[in-house]
Amino acid sequence: MIRDDLAAAVREALSALGVDPLPERVDLERPGRREHGDWSSNVALATAKKAGRNPRELAAQLVEHLSAAPPAHVLKVDLAGPGFVNFHLAPTWLHDILTEVVEAGPDGYAKPDLGQGRSVNVEFVSANPTGPVHAGHARGAAHGDSVARLLTRTGHAVTREFYINDRGVQMQKFGQSLAARKAGEEPPEGGYLGEYVTEWAQELPDDVDPVVWGEERALQDQREALGAFGVHFDEWFSELTLVDSGAIETTLAELLERGVAYEQDGATWLRSTDHGDDKDRVLVKSDGEYTYLLPDIAYHRDKFSRAEQLINVWGADHHGYIVRMKAAMASLGLDADALEIEIVQMVDLLKDGEPMKLSKRAGTVVELRDIVDEVGADAARLTYLLQSIDSRQTVDLAEVASQGMDNPVYYVQMAHARIHGITRRADEAGFPRGPLADADLSLLTHERELDVLRALSELPDVVRLATEDRAPHKVTTWVRDLAGAFHGFYHDCYVVGDGVSPELTQARLWLAESARIGLSIGLDLLGVSAPETM
RNA sequence: GCGCUUGUAGCUCAAUUGGAGAGAGCAUCUGACUACGGAUCAGAAGGUUGGGGGUUCGAGUCCCUCCAAGCGCGCCA
């Protein structure tokens, strides 16, 4: 890795210059501006004070020392600004990137082993089994799945898990609603009013428990809709199994035994204030019923027995429960820091610029299935992964459905399809791509060509950062960058045709192939397909 | 009232975790194709990073404060 080589050279130079103490890390960054070189180090600024040196002087000495015996690919080292040391590299370093990308391939390039096999359970969606998956789950579904993809790529043993809340009053209401509709009656107070209840009720057999049947019906529907969205779970975990196995009672007993739960006013409470909560929380109501919290604690306790690290993807309306759930884990002696809860902010759906009024009560929900049918899974997923989950998102379905330039998914997929177009054309023209070893990559000197390779050189960092930050949108941003670089190359650099030598054609075919690999890695991490034709 | 999240170009969003002159896309204006899919490319214009203080070589990023928006604050789930 070029960066490691440069960092080592800087470290060696610091040592030779008698800098003491030596910094723990020497970071190499990519400057924002081209004239600042290909790589830059701020080490002089960062260490000058501790070492009792003047930053600019130290930087000047570093430049002098490094220039005397420049590392591989380095053309020039210079001093800039308040004390930056900038490296200007020959294009050969980018040709090495091309080779690296092609040799590693889609399954090997940009695959840092961050997890080293660490088991991670990613729980997301977890919609109630009382109806279809709706638009409110879609952003979390896209996010959770993409995080799982990132973790898988970076060496984690990932389980995608869906928690089924199939115990409690809402299930009873749902079953009653189905039965009522089947009998041609209105659902009971607090029941489910959506149209799907009436439709499903037509399928309800006479001799079954509507609750049991209804759950299966809902899960089947959810599985299908999520599958069409490209999201598949490894584990569908039923809350009822916690009742059957006695895990809920066991958990309650353990909490009492540890003295972190107590009885008062006829109820059982969790002493969550010991761990930062602003009040203690009820686990068992005075009527003997569990609150939602106790089964949830038992569930997370179970997950901790199956994975080293837990990630929950929750909607913004649940952020208030983070503290109590972590408090519960800490109360059980589990590592609350290994439970990571990600909050996905709300999505405002628009249709042609008009807000869509959604009401679960009135049954006017937009189903995930509707979105996929209307705009396609690819466009929907890329749209949800366009920006940070920390900020509220506005999605106009009409815009997402459009196949115009305002839609990033087509821009990116087009780049991928174009590469296949080039390959096809090269084959037809009698210039099939030969072995990489025979290609003269030093012919790749056009700025457009180098821009593509620069983008590819950044992918390993992007994958690492996106994984560490659980931020798939960083991948989206990068994929758009690479696609932009490729479109520029495509426009200015013909691969096959008059005036292009066979040698240059070969080099450019390999450049296109490296871009194809990069695009397919990025799109795969987002769960978006990489089509060969549009 | 308290807590979490957010506030960056007309619009939608980035910003290598404290780095150099804050960048893209869309929209607007001006240009570019008898060749690989123009669903493309280039250029211009567009900013007091919500306001104000502070920390330091350096702040969109960290701290304090104020303003605004969303979401929460139940022996509901």
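FYI, side chains are in, hydrogens and waters are out, and symmetry mates aren't considered; it's all heavy atoms of this structure. Here is the naming used below: chain letters follow the sequence lines, and residue numbers restart at 1 for every chain.
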Quiz item: Side chain of A:A316: nearest nucleotide among B:C71, B:C36, B:U5?
Solution: B:C71
Quiz item: Among B:U16, B:U40, B:C75, which nucleotide sits nearest the side chain of A:W269?
Solution: B:C75
Exercise. Remember a base hit wins even if backbone is also touched, and classify A:E342 as base, sugar-phosphate or nothing at under 4.0 Å, heavy atoms.
Key: nothing
Quiz item: Whole-Å distance between B:C41 C1' and A:H446 NE2?
Solution: 12 Å
Exercise. Check if the side chain of A:D317 and the base of B:G72 share a donor-acceptor pair of N or O atoms closer than 3.5 Å.
Key: no
Quiz prompt | Pair assignment for B:C41, Watson-Crick or G-U wobble, requiring both distances under 3.5 Å | solution = B:G31
Quiz item: Does the side chain of A:R167 get closer than 4.0 angstrom to OP1 or OP2 of B:A77 through an N or O atom?
Solution: no
Exercise. Rounded off to whole Å, could you give me the CZ-to-C1' distance for the A:R480 and B:U12 pair?
Key: 9 Å
Self-check item: A:Y292 side chain near B:C75 phosphate (N/O to OP1/OP2, under 4.0 Å)
Solution: no
Quiz item: With a 6.0 Å cut-off on ring centres, are A:Y163 and A:Y299 close enough?
Solution: yes
Quiz item: On a plain distance test, is the side chain of A:R33 in donor-acceptor contact with the base of B:G21 below 3.5 Å?
Solution: yes
Quiz item: Paired with B:A15 by Watson-Crick or G-U wobble geometry, both distances under 3.5 Å: which nucleotide is it?
Solution: none
Self-check item: Atom-pair distance (CZ on A:R508; P on B:C36), nearest Å
Solution: 15 Å
Exercise. For A:Y290, answer base if it contacts any base atom (sugar-phosphate contacts may also be present), sugar-phosphate if it contacts only those atoms, and nothing otherwise; contact means non-hydrogen atoms under 4.0 Å.
Key: sugar-phosphate
Quiz prompt | Strand partner of B:G10, provided both Watson-Crick or wobble distances fall under 3.5 Å | solution = B:C26
Quiz prompt | N/O (side chain, A:H318) to phosphate O (OP1/OP2, B:C73) under 4.0 Å | solution = no
Quiz item: Taking atom types as they are modelled, is there a donor-acceptor pair under 3.5 Å from the base of B:C75 to the side chain of A:S286?
Solution: yes
Quiz item: Taking the same atom, P, in B:A9 and in B:G46, what whole-Å distance lies between them?
Solution: 14 Å
Practice problem: Between B:A14 and B:G53, how far apart are the C1' atoms? Round to whole Å, please. | Solution: 28 Å
Quiz item: Just by modelled atom types, is the A:E239 backbone N or O under 3.5 Å from a matching donor or acceptor in the A:D166 side chain?
Solution: yes
Quiz prompt | Per A:K279 side chain, nearest of listed nucleotides B:C73, B:G37, B:C4 | solution = B:C73
Quiz item: Judged by atom type as modelled, is there a donor-acceptor pair below 3.5 Å linking the side chain of A:R470 to the main-chain atoms of A:T467?
Solution: yes
Practice problem: Indicate, yes or no, whether a donor-acceptor pair under 3.5 Å links the base of B:A77 to the side chain of A:Y321. | Solution: yes
Quiz item: Taking the side chain from A:T130 and the backbone from A:F174, do they hold a donor-acceptor pair closer than 3.5 Å?
Solution: no
Quiz item: What integer distance in Å separates A:L382:CG from B:C13:C1'?
Solution: 13 Å
Self-check item: B:G70 to B:C75 separation - P atoms, rounded to the nearest Å
Solution: 26 Å
Quiz item: Is a side-chain N or O of A:Y384 found less than 3.5 angstrom from the main chain of A:Q393, in a donor-acceptor match?
Solution: no
Exercise. Might you work through the salt bridge (charged side-chain N to carboxylate O under 4.0 Å, His left out) test for A:R425 and A:E428, ending with a clear yes or no?
Key: CA-CA 5 Å; A:R425 178 169 161 86; A:E428 288 162 15; 5.9 Å; no
Exercise. Take the protein atom NE2 of A:H491 and the nucleotide atom C1' of B:C33, then report the distance between them rounded to whole Å.
Key: 7 Å
Practice problem: To the nearest Å, give me how far apart CG (A:D492) and P (B:A42) are. | Solution: 8 Å
Quiz item: Roughly how far, to the nearest 0.5 Å, is OG of A:S529 from CZ of A:R381?
Solution: 10.5 Å
Self-check item: Same-atom distance (C1') from B:G7 to B:G52, integer angstrom
Solution: 16 Å
Quiz prompt | Euclidean distance for C1', B:A22 against B:G37 (whole angstrom) | solution = 36 Å
Quiz item: Of A:D265 and A:G488, whose closest RNA chain B nucleotide lies nearer the 5' terminus?
Solution: A:G488
Self-check item: B:U49 versus B:C62 - spacing of their P atoms, nearest Å
Solution: 16 Å
Self-check item: A:H36 vs A:V495, nearer the 5' end of RNA chain B by closest nucleotide
Solution: A:H36
Self-check item: Quiz item: A:N86 side-chain donor-acceptor pair to B:A20 base, under 3.5 Å
Solution: yes
Practice problem: Check whether any side-chain nitrogen or oxygen of A:K173 sits under 4.0 Å from OP1 or OP2 of B:A77, and answer yes or no. | Solution: no
Quiz item: On a whole-Å scale, what distance lies between the C1' atoms belonging to B:U61 and B:U28?
Solution: 32 Å
Quiz item: Just how far, in rounded Å, is C1' of B:G3 from NZ of A:K326?
Solution: 16 Å
Quiz item: Can you tell which of B:A20, B:U40, B:C36 lies closest to the side chain of A:R418?
Solution: B:U40
Exercise. Please confirm whether the backbone N or O of A:P531 pairs with a side-chain atom of A:H416, one donor and one acceptor, at under 3.5 Å?
Key: yes
Exercise. Evaluate whether the aromatic ring of A:F84 and the six-membered ring of the B:A20 base sit under 5.5 Å apart, centre to centre, with an inclination under 30°.
Key: yes
Quiz prompt | Donor-acceptor pair present, A:S40 side chain and B:A20 base, under 3.5 Å | solution = yes
Quiz item: Of the nucleotides B:A20, B:C13, B:C76, which has the atom closest to the A:Q387 side chain?
Solution: B:C13
Quiz item: If we take the C1' atom in both B:A59 and B:A44, what is their distance in whole Å?
Solution: 30 Å
Quiz item: Does A:Y411 have a side-chain nitrogen or oxygen under 4.0 Å from the phosphate oxygens OP1 or OP2 of B:G37?
Solution: no
Quiz item: At under 4.0 Å, does any side-chain N or O of A:K285 touch on OP1 or OP2 of B:A77?
Solution: yes
Quiz item: Got a donor-acceptor contact below 3.5 angstrom from the A:D280 side chain to the A:T273 backbone?
Solution: yes
Quiz prompt | Integer-rounded Å distance: B:A77 P and A:Y299 OH | solution = 18 Å
Quiz prompt | For B:C71, the Watson-Crick or wobble partner whose two distances fall under 3.5 Å | solution = B:G3
